[in-house]
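Every number for a ligand or one of its atoms is a count from 1 in the order of the listing. Side-chain atoms are counted along with the backbone in the values below, which use heavy atoms only and exclude waters and symmetry mates. All values derive from a computational prediction rather than experimental measurement.
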Amino acid sequence: MLRLDQDIKYLQGVGPHRADMLRKELDIKTVGDLLEFYPYRHIDRSHFYRISDINGNMPYVQLIGEILSFEGVGEGRKKRLIAHFSDGTGVIDLVWFQGTKYISQNYDCHKPYIVFGKPQLFKGRINVPHPELEASPLPPPKEGENHQRGENIKYSFVPSTPSLFAEAPATSVGTPPLSEGAGGRLFRPIYHTSETMKKRGLNSSMIAKLTATLLKMLDQPLAETLPDYLIQRYHLVSRDEAMRQIHYPTSADSLRRAQARLKFEELFYVQLNIIRYARDRARKYRGLVFPRVGTMFNDFFFHHLPFQLTGAQKRVIKEIRADMGSGRQMNRLLQGDVGSGKTLVALMCALIAIDNSYQTCIMAPTEILAEQHLETLQRMLKDMPLRVELLTGTVKGKRREKLLNDLLTGDIHILVGTHAVIEENVQFARLGLVIIDEQHRFGVAQRAKLWQKNVVPPHVLVMTATPIPRTLAMTLYGDLDVSVIDELPPGRKPIQTIHQYDRHRLSLNKGIRRQIDLGRQVYIVYPLIKESEKMDLKNLEDGYEQVKLDFPDCSISKVHGQMKPAEKDAEMQRFANGETQILVATTVIEVGVNVPNASVMVIENAERFGLSQLHQLRGRVGRGADQSFCILVTKYNLSEDTRRRIQIMVDTTDGFEIAEQDLQLRGPGDLEGTQQSGMAFDLKIANLAKDGILLQMARDAAQEIIDDENCEQNPLNQILWQRLYELRKTNINWGSIS
Ligand code: ADP
Ligand code: MG
């Protein structure tokens, strides 16, 4: 009997070397890990494309044929190996830039091979770079022989509507043993592997062999991991069937069912974990009760409010007020697009805390932002008997000592700061509310640290200007309640976004000149090139020199990430005060900076930015009453993808729409904030961009279970708690949220 927790090295065909590689490259340590290493695609082995039918726009294709000859081409870095491959309908070039020696030594001319790869058009010819190449058990077709036109089976066969489940028949445990050899199987699983692995021969087909071996050795049905009532209700196939079919499906339909089952299960446990955690937290911490809305709040509201609150601001303040009066500890996410007026909401919530004799701490991700918050708050509160102070890394010595002391005596009502406020020696008299601005830069663990700063943990409000798609919010912040400011203050003219090629710089400069003559200010932003800080700077320096030439009579600021914080701040201040008219910068200005007189945002090399970053940058203008412009400057030749991104920016200023599109275009792994958070992005099969409906079903199922008072004792649920316990043990990120 094969045990799933058995070391992978004992699986037939693995051994210590491969085991090492599997562990290092794919984090596969046990037999069970391999079982859960799902193929990302299958190809229908019975279908091949004809070379004569191929064009450069096709996705992956499978060909069968023979290599006519090898040819080494080019010199130095352009050196490559070409195999001229024929299937009787035409000839296509297979190209390798690396590992050429291995290829020419291990593959022969005039032997039947199956080729799998993505065709591309290069200088008018179609070639297939770095294809998978495998000896074929079938002879290559002869001229005139019929090829069947193929269709790849991909993970896009996700059930998009719940009704798909209803078609599933009763589950049958255990699929008959798979037939021997690759030739007998209809669908070939394709697995992700790394370059290192491929070089050592541990490629997708090797892994396919291992999973085949593994499945053959599983002589007992795999234990179920979902309670029977969920399987029945959602018409899921058993875990045993799903696991076998996901690797070697017997039909497209059973593959779909296997995917549905495994995706549902994966999303369900993520949700069960979060929702259960939120419940436990609510039980464990009573939460401060702020019953009063008192003199400070009312005084400010009736006498000092500089403008009418928007409807959305009012609604959100009400939601927060209700939370803080409920006796539960508030854990709320406030989403509001750039410029929607979150600062004012934060301030008014702080006033409620103060009315109930508690202090508030506001955390910002950068010094500049913290200072700006301080100024805004001090300005708005200048006629009120309240003390707002700033604590950042640069506050030192006597000043710091005094500040820490005044915090402890309760003399300071609102503390604004950077992560410096988390430090252990920063202690409050009565901390009642923590507000975290632009939260995606703070980890969950840092959030939790703030809790220790009061006997009863303070209420927590997390604010973000990066709208988060719903599926992502549910997974990343699934334990938080959500409030949304979906309305901008009145009188804002929508920013006009224009796409311009960099070869049309003259007309661009004319536009900038016009705005400067009107007394407005201009941002010019250059991309940050992560791989090369030097190049990044050079880009900016060149740009700066050019701007100086183009606008010789203007005063120009320059800000980048490698300047000392103090210098950077000083320069930003000069721009904010209107001393300089043009600010040339890298993306350091991305977050939060508020200069209402700035009306033009020029983004150079806009093709290098992600959508949410472009949106953030654009949000720096349009803060005053004047018409503002965002100019996206790109090179002339753009990929299809980039063109779409730029077009989305031109078409809409709705941050939620943009976030949703970004998720669809890039997938969840690349979105801002997701990498730092770590959590839930180790999804093995579900896809947050595509599986929204499944996710909602999984969340509802989990919520319903947790809502039942007896859920922990119910014998039908024991399988759930057991599985959750196992998952928490193996998934570090899951553990870290509690
Ligand atoms: P963000 O949500 O991006 O943090 P801010 O709080 O910085 O936005 O607000 C952006 C600008 O809008 C500020 O200049 C602020 O004074 C102004 N503002 C906020 N609320 C209102 C309102 N209700 N009416 C008019 N202007 C407002
Ligand atoms: Mg803000």
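The atoms of ligand 1 that sit less than 4.0 Å from any heavy atom of T343 are 4 (O), 5 (P), 6 (O), 7 (O). Set against the non-hydrogen atoms of Q308, the atoms of ligand 1 under 4.0 Å away are 22 (C), 23 (N), 24 (N). Near L309, with a cut-off below 4.0 Å to any heavy atom, the atoms of ligand 1 are 23 (N). Close approach to T310 involves these atoms of ligand 1, each under 4.0 Å from a residue heavy atom: 23 (N). For ligand 1, the atoms lying closer than 4.0 Å to a non-hydrogen atom of Q313 are 19 (C), 20 (N), 22 (C), 23 (N). Atoms of ligand 1 lying under 4.0 Å from at least one heavy atom of D337, given by number and element, are 2 (O).
Note on ligand 1: K314 sits outside its first shell, no heavy atom being nearer than 4.0 Å. No heavy atom of D437 sits closer than 4.0 Å to any atom of ligand 1. Heavy-atom distances between G339 and ligand 1 reach below 4.0 Å in at least one pair.
Of the listed options P489, P596, G311, G341, G341 places a heavy atom closest to atom 9 (O) of ligand 1. With distances taken over non-hydrogen atoms, the option nearest atom 17 (C) of ligand 1 out of R492, R620, R623, Q335 is R492.
Applying the side chain to side chain donor-acceptor pair (under 3.5 Å) test to H499 and every residue at least two apart in sequence or in another chain returns T634.
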(message) Would R513 and D550 count as a salt bridge (charged side-chain N to carboxylate O under 4.0 Å, His left out) here? Give the steps.
(response) CA-CA 10 Å; R513 166 63 65 189; D550 292 344; over 6 Å; no
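Residues E541 and K558 are paired through a salt bridge, judged by an N-O separation under 4.0 Å between the basic side chain and the carboxylate. Ionic pairing of R332 and D323 is present here: one or more N-O contacts between side-chain nitrogen and carboxylate oxygen are shorter than 4.0 angstrom.
Looking only at atom types and distance, the side chain of T653 has no donor-acceptor partner in the side chain of R618 under 3.5 Å away.
Residue pairs meeting the salt bridge (Lys or Arg N to Asp or Glu O under 4.0 Å) criterion with at least one member in residues 559-583, sequence neighbours excluded: E571-R574, R574-E579.
Between H459 and Y358, the ring center distance fails the sub-6.0 Å criterion.
The cationic group of R620 does not satisfy the cation-pi geometry with Y523, failing either the under 6.0 Å distance to the six-membered ring centre or the 45° limit from the ring axis.
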